[in-house]
Amino acid sequence: MTEAEDRDQPAISFQNVTRAFPQKGGAGDVLALDDISLEVPAGTITGIIGRSGAGKSTLLRLVNGLERPSRGKVLVAGQDVGTATGAALRDIRRKVGMIFQHFNLLSSRTVAGNIGLPLEIAGTPRAEIAPRVDDLIRLVGLDAQRDRYPAELSGGQKQRVGIARALATRPRVLLSDEATSALDPDTTRQVLALLRDINRELGLTILLITHEMAVVRDVCDHVAVIEGGRIVESGPTYGVFSRPDHPTTRSFLKGVTDVALPGFVASRMQPQPQGPDAQAIMQITFTGQNATTPMLSRMTVECGIETNILAGAIEEIGPNPFGSLIVSLPHQRLQEARGFLAEYGMITEELGYVG
Amino acid sequence: MSANMIQLLWVSTLQTLYMVGVAALVGTLIGGPLGIFLATSRRGELLSAPNTNRVLGLVVNIARSVPFIILVVSIIPFTRWLVGTSIGTTAAIVPLTIAAAPFIARLVETSIREVDSGLIEAARAMGATPFQIVRKVLVPEAMPGIVLGLTLAVVSLIGYSAMVGAVGGKGLGDLGIRYGYQRFMPDVMLIVVVIMVVLVQFVQSLGEWIAARFDKRAPRNRGR
Ligand SMILES: Nc1ncnc2c1ncn2[C@@H]1O[C@H](COP(=O)(O)OP(=O)(O)OP(=O)(O)O)[C@@H](O)[C@H]1O
Ligand SMILES: [Mg+2]
């Protein structure tokens, strides 16, 4: 395979994958995955988000053959994982690293011993294992812990060992099953930053699953939302965050991008304007460069529409600023304001009326 | 106490150590792999061989349910075929080993089963063969439990070895019965018991010490 082909080909491709589990007592099958098609572009970090039982782990485990599709195909770098067995399957597994929520480190081995394990399994000569392990230890910043046992490490340090171990055989793909779910927010951020660095420096494709939108926001280039074994929404993170289509996506975004309506407004809100002085309450989602442009003051100057900012937040998704504002304005001017803002690529939503 | 008696006590202690030592060693060589197999061969497990698993499990259960003294006399023909005689210390090693192997197998099986299944999953994800998983993950992780199990087995063997006087097995237990009980020498009986207590204590302490050396997990009951 040539370099160019290699780059164009998705790192992982799910093609109409279904996974059914037979139920105890023979009461039909549970469809853990229902006709899933998804491509994970090489070199990206792709997030799979969904509620408990949505099928996230099942989907991830298909990639290294820990789980097999009932129907459909799973290709990793063009190789069919679903039908691989024996030595061929083990060979694929060595090209796919995996990290786990509960780390799954051997308690009987030191940090160095754990990191060297995949190399021992792959039959790497001892003389080559030691320097490789040292490199990995440096990469994840655990030089001082080299000869410690997992029981002597913090959660974040354990996950660093897990990451180093997953990278030992120089895989092209890294799978992460809720790798930060057992960690506190600070440590989560550090581990995610490490994954981001590895993705950039090694060009590694990362497929991670999570139930936290914040994780997606912080590291994922692409995201797929899974619900009841189906992908209900997918695309570049930025697009999904700014224009969530599916109710599940919206509910995951609550608290991450949402700005709360102040209590005094929320309690007085009506579905229709009650008088000539009624104010419309509108949510504006800022996207792209215009997030930093003072659109509201321009609207005041150009259209003479005065707005009142009730709540707001701006954050970053990847390189893009992304924000949300809640404003009030005279209800008669609502449609005009929405038209003006839409011209600049902003998304507006009418929330209700006060007064 | 006569010099003769001291000599007899010494020889009997060595006989006990010999019987227990060889039976424990051979019992481990048979019971260890058997225990590993039992722990990993149910349906859907690493070595998935449910039928063989069931048959071996049944054999182990039968061997474990035969009372030791009945085992000793009932396998006399087998013992004679194996070591050429059915009488004596070496002959006594055969029933001791046959009693120890299934016991050790169950103890090893239990320890292996306690290894976190997440570790097996991680090893599979690394592309490990079932044999590599056993050798590099299951056995090292189960080592503290296995060592404590073997300690228990050796202590039991010391007790069992006292019963093999029935087939001329000699050793401390036999000495205690023959002199202490049948010839009314309570001091001999007492010394035999003391030596056995010391042996058991020593084995137990040694086993715990070795197990602790293998155990790198977080201390469980410390510092509360
Ligand atoms: N080995 C199995 N046998 C039977 N059913 C299974 C098996 N593994 C998963 N399932 C079922 O498949 C569905 C999806 O499970 P999965 O573990 O993929 O969910 P998940 O999204 O990872 O959930 P969580 O966030 O709780 O980890 C669930 O209904 C689960 O009960
Ligand atoms: Mg899961």
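Chain letters run A, B, ... following the sequence lines, proteins first and then strands; every chain starts at 1. Below, all heavy atoms of this structure are taken into account, side chains as well, without hydrogens, waters or symmetry copies.
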Original post:
If you look at every heavy atom in B:Asp116 and A:Asn104, which pair is closest and at what distance?
Top reply: OD2-OD1, 4.2 Å
Subject >> Heavy-atom neighbours of A:Phe103 CZ exceed 12 at 6.0 Å >> reply: yes
Subject >> Contacting moiety of B:Ser117, where chain A heavy atoms sit under 4.5 Å >> reply: neither
**OP:** Can you tell which part of B:Glu141 gets under 4.5 Å to a heavy atom of chain A, answering side chain, backbone, both or neither?
**Re:** both
Original post:
Which atom pair, heavy atoms only, marks the closest approach of B:Gln132 to A:Ile121?
Top reply: NE2-O, 2.9 Å
Subject >> Gap between atom CG of B:Leu119 and atom CZ of A:Phe100 - 0.5 Å precision >> reply: 9.5 Å
**OP:** Of all the heavy-atom pairs spanning B:Ala125 and A:Asn64, show the shortest one and how long it is.
**Re:** CB-ND2, 3.6 Å
Original post:
Among A:Ala87, A:Pro118, A:Gly65, A:Ala122, which residue forms the greatest number of heavy-atom pairs with chain B at distances under 4.5 Å?
Top reply: A:Pro118
Subject >> Atom NZ of B:Lys136 with >12 non-hydrogen neighbours under 6.0 angstrom >> reply: yes
Original post:
Between B:Arg124 and A:Arg93, is any pair of side-chain heavy atoms under 4.5 Å apart?
Top reply: yes
**OP:** Verify the neighbour count for atom CZ of B:Phe68: are there more than 12 heavy atoms of other residues, nucleotides or ligands below 6.0 Å?
**Re:** yes
Subject >> Salt bridge present between A:Arg61 and B:Glu121 (N-O < 4.0 angstrom) >> reply: yes
Subject >> Nearest non-hydrogen partners of A:Ser107 and B:Lys216, listed with the distance >> reply: O-CB, 3.1 Å
Original post:
Any idea which of A:Glu152, A:Glu120, A:His102 has the most non-hydrogen atom pairs under 4.5 angstrom with chain B?
Top reply: A:Glu120
Original post:
For A:Leu105, is it the side chain, the backbone, both, or neither that has a heavy atom closer than 4.5 Å to a heavy atom of chain B?
Top reply: backbone
Subject >> Any side-chain heavy-atom pair of B:Arg217 and A:Tyr149 under 4.5 Å >> reply: no
**OP:** Apply side chain to side chain contact (heavy atoms under 4.5 Å, CB included) to A:Met98 and B:Met126, showing your working.
**Re:** CA-CA 8 Å; A:Met98 188 169 191; B:Met126 287 172 208; over 6 Å; no
